[in-house]
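Sequence lines set the chain letters: A, B, ... in the order given, protein chains first and strands last, and positions in each chain run from 1.
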Amino acid sequence: MRIVTWNINSVNARVERLTAWLELHKPDVVALQELKCTTDAFPVDAVAALGYEVAALGDGRWNGVALLSRVGLTDVVRNLEGQPEFDDSVEPRAIGATCGGVRVWSVYVPNGREPDHAHYAYKLEWLAALKKTAEAELAAGAGLPYAIIGDFNVAPTDEDVWDIADFQNATHVTAAERAAIDALTGAGLDEVMPRALKGKPFTFWDYRALMFQKGMGMRIDLIMANDVFRARVSDAWIDRDERKVKGGSDHAPVVVDLHD
DNA sequence: ATGCCCTATGATATAGGA
């Protein structure tokens, strides 16, 4: 079983990239983030033609998450338990479903903007709600393989950015953000570390200033999974080739393969 | 020190991304 998480940075701007990737790598389950479209505007027909069911959640301009599956898609849950609001809005940043016997969540964690910005406090509250949701589901669950995958907007260690010296007073690397990721271990979730196919195992490279060409990336798209899931992992890797293509997203797909 | 690029939108600028 092949599962992938990919911040696609507008699903409609990249629908041809998406379908090409699906045809080439044949994933069973796909978690997308940053759809940048409404739920109704998701290109359902394009992926249905390749055998995928879709559960999408979007409100238009920013954010937006989806799950695609060709191994069943049931028990869909939209938003977190007690998900905090920003600007009086519950933003479309989380969707969960059971696909082929695996419980999967696609999440797009708030960016945080600046450490003293209200968005940063929101980010930490959001991660706390994510933990609560995971704890509640795992406590009620039937021992299914369980994974929260997506764009966490946190680099778990200093090795996960090109140069920690460039991140003074920056988000994504603060102790509080990393503690919020570490706290997911309390819910029974630990990272599945992907392989880099070349260079460092980064998953995001800013479009600006030739960051990709200079190897200046970050590892912020994560796979957080329970022990039952992790015991089935046969491989995990980052498709940096997809970041190279003209018209690609600024994030690379992160793939995890499970054996039966 | 700042912007570089890319996206979507009551668009002819702006906000957001990280």
Trainee: Looking at A:Arg230 and A:Asp227, does any basic side-chain N land under 4.0 Å from a carboxylate oxygen?
Mentor: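 Salt bridge: no.
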
Trainee: Using the P atom as the reference point in each nucleotide, state the distance between B:dA13 and B:dC4 in Å, no decimals.
Mentor: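 One P to the other, the span is 16 Å.
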
Trainee: Whole-Å distance between B:dG17 P and A:Asn63 CG?
Mentor: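 Checked: the CG to P distance equals 7 Å.
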
Trainee: I'd like to know if the side chain of A:Asn111 pairs up with that of A:Lys123 as donor and acceptor (distance under 3.5 Å, no hydrogens or angles considered).
Mentor: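 Absent: no donor and acceptor within the cut-off.
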
Trainee: Show the nearest heavy-atom pair for residues A:Gln83 and A:Ala94, with the distance to one decimal.
Mentor: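 Scanning both residues completely, I find the closest heavy atoms to be OE1-CB, 4.2 Å.
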
Trainee: Assess whether a salt bridge exists between A:Glu242 and A:Arg14, defined as any Lys/Arg side-chain N lying under 4.0 Å from an Asp/Glu carboxylate O.
Mentor: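 Here A:Glu242 does not pair with A:Arg14 in a salt bridge, since their nearest N and O are not under 4.0 Å apart.
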
Trainee: Just the table, please: protein N/O against nucleotides 9-13 of chain B N/O, every pair under 3.5 Å.
Mentor:
residue, atom, partner, partner atom, Å
B:dT9, O2, A:Arg61, NH2, 3.4

Trainee: Ignoring the backbone of A:Tyr108, work out which of B:dA18, B:dA15, B:dC6 is nearest its side chain.
Mentor: B:dA18

Trainee: For the pair made of CZ in A:Arg93 and C1' in B:dA18, what is the distance, rounded to whole Å?
Mentor: 12 Å

Trainee: Taking the same atom, P, in B:dA8 and in B:dG3, what whole-Å distance lies between them?
Mentor: 23 Å

Trainee: Distance check: side-chain N/O of A:His251 vs OP1/OP2 of B:dA18, anything under 4.0 Å?
Mentor: yes

Trainee: Looking only at side-chain N and O atoms, does A:Asn9 come under 4.0 Å of OP1 or OP2 in B:dT7?
Mentor: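 For A:Asn9, the contact criterion (side-chain N or O under 4.0 Å from OP1 or OP2 of B:dT7) is not met.
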
Trainee: Using the C1' atoms only, state how far B:dA18 lies from B:dT2, rounded to an integer number of Å.
Mentor: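 It works out to 16 Å between them.
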
Trainee: Looking only at N and O atoms, is any donor in the side chain of A:Asn111 or the base of B:dA18 less than 3.5 Å from an acceptor on the other one?
Mentor: yes

Trainee: Given that A:Asn153 and A:Gly248 both sit by DNA chain B, which one's nearest nucleotide is further toward the 5' end?
Mentor: A:Gly248

Trainee: Quickly work out the A:Asp206 CG to B:dT2 C1' distance and round it to whole Å.
Mentor: 14 Å

Trainee: Taking the hydrophobic residues Ile, Leu, Val, Met, Phe, Trp and Tyr, and joining any pair whose side-chain heavy atoms are under 4.5 Å apart, which ones share a cluster with A:Leu130?
Mentor: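 Under the 4.5 Å side-chain rule, A:Leu130 groups with A:Val77, A:Leu80, A:Phe86, A:Trp105, A:Val107, A:Val109, A:Tyr122, A:Trp126, A:Leu127, A:Leu138, A:Tyr146, A:Ile148, A:Phe152, A:Val154, A:Ile181, A:Leu184, A:Leu189, A:Leu222, A:Met224.
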
Trainee: Rounding to the closest angstrom, what is the interatomic distance between B:dC6 and B:dA11 at atom P?
Mentor: 23 Å

Trainee: When the P atoms of B:dA1 and B:dT12 are considered, how many whole Å apart are they?
Mentor: 33 Å

Trainee: Would you kindly give the CG-to-C1' distance between A:Asp163 and B:dA18, to the nearest whole Å?
Mentor: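 It is 16 Å, rounded to the nearest whole Å.
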
Trainee: Identify which nucleotide among B:dA8, B:dG17, B:dA18 has an atom closest to any side-chain atom of A:Ala13, counting heavy atoms from C-beta outward.
Mentor: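 The nucleotide sitting nearest to the side chain is B:dA8.
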
Trainee: For A:Met216 and B:dA18, what is the distance between atoms CE and P respectively, to the nearest whole Å?
Mentor: 17 Å

Trainee: Just call it for A:Thr171: base, sugar-phosphate, or nothing, with non-hydrogen atoms closer than 4.0 Å on any strand.
Mentor: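 Nothing, no nucleic acid heavy atom in range.
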
Trainee: Would you mind telling me which of B:dC4, B:dT7, B:dA18 lies closest to the side-chain atoms of A:Ala209?
Mentor: B:dC4

Trainee: Hey, which of A:Asp239, A:Asp257, A:Asp28 is the one that makes salt bridge (charged side-chain N to carboxylate O under 4.0 Å, His left out) with A:Arg2?
Mentor: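 Option passing the salt bridge (charged side-chain N to carboxylate O under 4.0 Å, His left out) with A:Arg2: A:Asp257.
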
Trainee: Taking atom C1' of B:dG17 as reference, at what distance in whole Å does atom CZ of A:Phe204 sit?
Mentor: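 It works out to 7 Å between those atoms.
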
Trainee: Starting at atom CZ of A:Arg17, determine the distance to atom P of B:dC6, rounded to an integer number of angstrom.
Mentor: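 It is 15 Å, rounded to the nearest whole Å.
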
Trainee: For A:Pro92, check side-chain contact (heavy atoms from CB on, under 4.5 Å) against everything at least two apart and list the hits.
Mentor: A:Leu57, A:Asp59, A:Asn63

Trainee: Out of B:dG16, B:dG17, B:dA18, which nucleotide sits closest to the side chain of A:Glu114?
Mentor: B:dA18

Trainee: Taking only the side-chain heavy atoms of A:Arg14 (C-beta and beyond), determine which of B:dG17, B:dC6, B:dA18 contains the nearest atom.
Mentor: B:dC6

Trainee: When the C1' atoms of B:dC5 and B:dG10 are compared, how many Å lie between them, rounded to an integer?
Mentor: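 25 Å, rounded to whole Å.
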
Trainee: Take the protein atom CG of A:Asn7 and the nucleotide atom C1' of B:dG16, then report the distance between them rounded to whole Å.
Mentor: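 Distance, rounded to whole Å: 12 Å.
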
Trainee: Answer yes when A:Arg178 and A:Asp158 have at least one side-chain N-carboxylate O distance shorter than 4.0 Å, and no when they do not.
Mentor: yes

Trainee: Hey, which sits more toward the 5' end of DNA chain B by its nearest nucleotide, A:Phe167 or A:Tyr207?
Mentor: A:Tyr207

Trainee: For A:Met218, report the nucleic acid contact type (base, sugar-phosphate, nothing); a contact means any heavy atom under 4.0 Å.
Mentor: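 Touches sugar-phosphate only.
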
Trainee: Is there a chain of hydrophobic side chains (I, L, V, M, F, W, Y, each step under 4.5 Å between heavy atoms) that links A:Leu50 to A:Val30?
Mentor: yes

Trainee: When all nucleic acid strands are considered with a 4.0 Å heavy-atom cut-off, which category describes A:Asp151: base, sugar-phosphate, or nothing?
Mentor: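 Answer is sugar-phosphate: A:Asp151 comes under 4.0 Å of backbone atoms only.
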
